There are 2 protein chains.
Amino acid sequence: MPTPAFQDLYPDGWSHCYGCGRLNGQGYQIKSYWDGEETVCRVTPGEHHIAIPGFVYGGYIASVIDCHSTGSAAAAAHKANGGDPATGPYPRFVTGTLKVEYLAPTPLGVSLELRSQILEVKGRKVTVATVLTAEGKACARGEAVLLQVRGTPGQGD
Amino acid sequence: MPTPAFQDLYPDGWSHCYGCGRLNGQGYQIKSYWDGEETVCRVTPGEHHIAIPGFVYGGYIASVIDCHSTGSAAAAAHKANGGDPATGPYPRFVTGTLKVEYLAPTPLGVSLELRSQILEVKGRKVTVATVLTAEGKACARGEAVLLQVRGTPGQGD
């Protein structure tokens with residue numbers, strides 16, 4: 001059986017997000033996975049997610065970095081709590097701060113890879129650093145501070 | 001005649017952006033205007049731009065702050081160059097860095113206001129600070145550094 005994505009292990013009531021919710025039929029439905037100690041997500045923007053001809057608009061890039069970061073935070077917190085990575089439910093995080101540096105124009109029409117490192121898991125706060133690459137070239141770098149929503153799995157309150 | 005929005009004064013070839021391009025039929029088509037020394041944009045997210053039930057997803061917020069900031073930078077640069085605010089073509093900016101602080105959950109189903117201050121216009125770099133409010137409550141704060149695309153109007157090269 002294939003490994004479920006982080007987003008497949010969110011509780012149903014927390015799976016509506018436009019960026020990452022598996023129950024949002026109009027959204028991006030991004031999927032994130034562990035790759036060793038890093039987390040990875042691959043996305044292909046639509047042709048309409050254009051900035052200027054040939055390139056992806058910055059809001060799409062910010063959105064997928066944001067949602068991949070919340071997923072990565074959930075997976076990291078689940079693991080830190082001793083949870084089996086392949087079994088949910090995962091906790092749910094929201095974004096406290098998001099910073100994106102646009103390093104180079106991101107080409108449209110190719111698959112993009114987001115690869116993240118978990119910088120810190122501290123209480124209900126997780127910090128995630130991400131690099132977005134297109135055809136091997138780093139196009140954007142993100143850093144997000146995510147906060148676990150009280151009452152979601154693993155929080156214990 | 002009503003005042004045109006900043007985005008209505010972008011050259012046609014630079015009006016495809018998913019967030020702000022008037023020629024992108026699938027995008028947000030945001031509209032930004034001067035209000036004294038500040039710039040203002042009002043948007044109403046769709047029901048599918050959900051994070052968790054009742055609230056807007058963070059990527060939408062980052063996207064509209066980003067695109068309103070690029071528009072505000074264009075308007076500020078045009079004005080700094082002695083241009084008539086109501087007459088284009090405006091120059092075109094891309095994002096260097098974007099930082100968003102999520103201060104409170106942003107309610108879905110109401111109009112949101114983005115109000116920005118131009119912090120600095122320096123050469124081809126403009127810095128813009130934005131507060132996003134819903135029903136008078138500040139829900140997010142953004143700061144963006146925008147870079148004018150060489151070869152777009154007003155750049156002179």
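Small disclaimer: the values here were computed from a predicted structure and weren't measured.
Contacts with chain B were tallied for A/Gly13, A/Cys20, A/Ala62, A/Ala51; A/Ala51 has the most, counting heavy-atom pairs under 4.5 Å. With chain A as the partner, the residue from B/Pro105, B/Gly96, B/Gly19, B/Gly58 showing the most heavy-atom pairs under 4.5 Å is B/Gly96.
No continuous path of hydrophobic side-chain contacts links B/Leu114 to B/Val128 [ILVMFWY only; heavy atoms under 4.5 Å]. At a threshold of 4.5 Å between side-chain heavy atoms, the hydrophobic network of Ile, Leu, Val, Met, Phe, Trp and Tyr places A/Leu112 and A/Ile65 in one connected group. B/Phe93 and A/Ile50 are assigned to two separate hydrophobic clusters, defined by single-linkage of ILVMFWY side chains at heavy-atom distances under 4.5 Å. Taken together through direct or relayed side-chain contacts under 4.5 Å among Ile, Leu, Val, Met, Phe, Trp and Tyr, A/Ile30 and B/Val56 form part of one hydrophobic cluster. A/Leu146 and B/Val100 are members of different hydrophobic clusters when ILVMFWY side chains are connected at heavy-atom separations under 4.5 Å.
Only the side chain of B/Ile52 comes within contact range of chain A, with heavy atoms under 4.5 Å apart.
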Report every donor-acceptor pair between chain A and chain B with a separation under 3.5 Å, backbone and side chains included.
from	atom 1	to	atom 2	distance (Å)
A/Cys17	N	B/Ala51	O	3.3
A/Tyr18	N	B/Ile50	O	2.9
A/Asn24	ND2	B/His48	O	3.0
A/His48	O	B/Asn24	ND2	3.0
A/Ile50	O	B/Tyr18	N	2.9
A/Ala51	O	B/Cys17	N	3.3
A/Tyr57	OH	B/Ser63	OG	3.3
A/Gly59	O	B/Ser63	OG	3.3
A/Ser63	OG	B/Tyr57	OH	3.3
A/Ser63	OG	B/Gly59	O	3.3
A/Gly96	O	B/Tyr102	N	2.8
A/Leu98	N	B/Val100	O	2.9
A/Leu98	O	B/Val100	N	2.8
A/Val100	N	B/Leu98	O	2.8
A/Val100	O	B/Leu98	N	2.9
A/Tyr102	N	B/Gly96	O	2.8

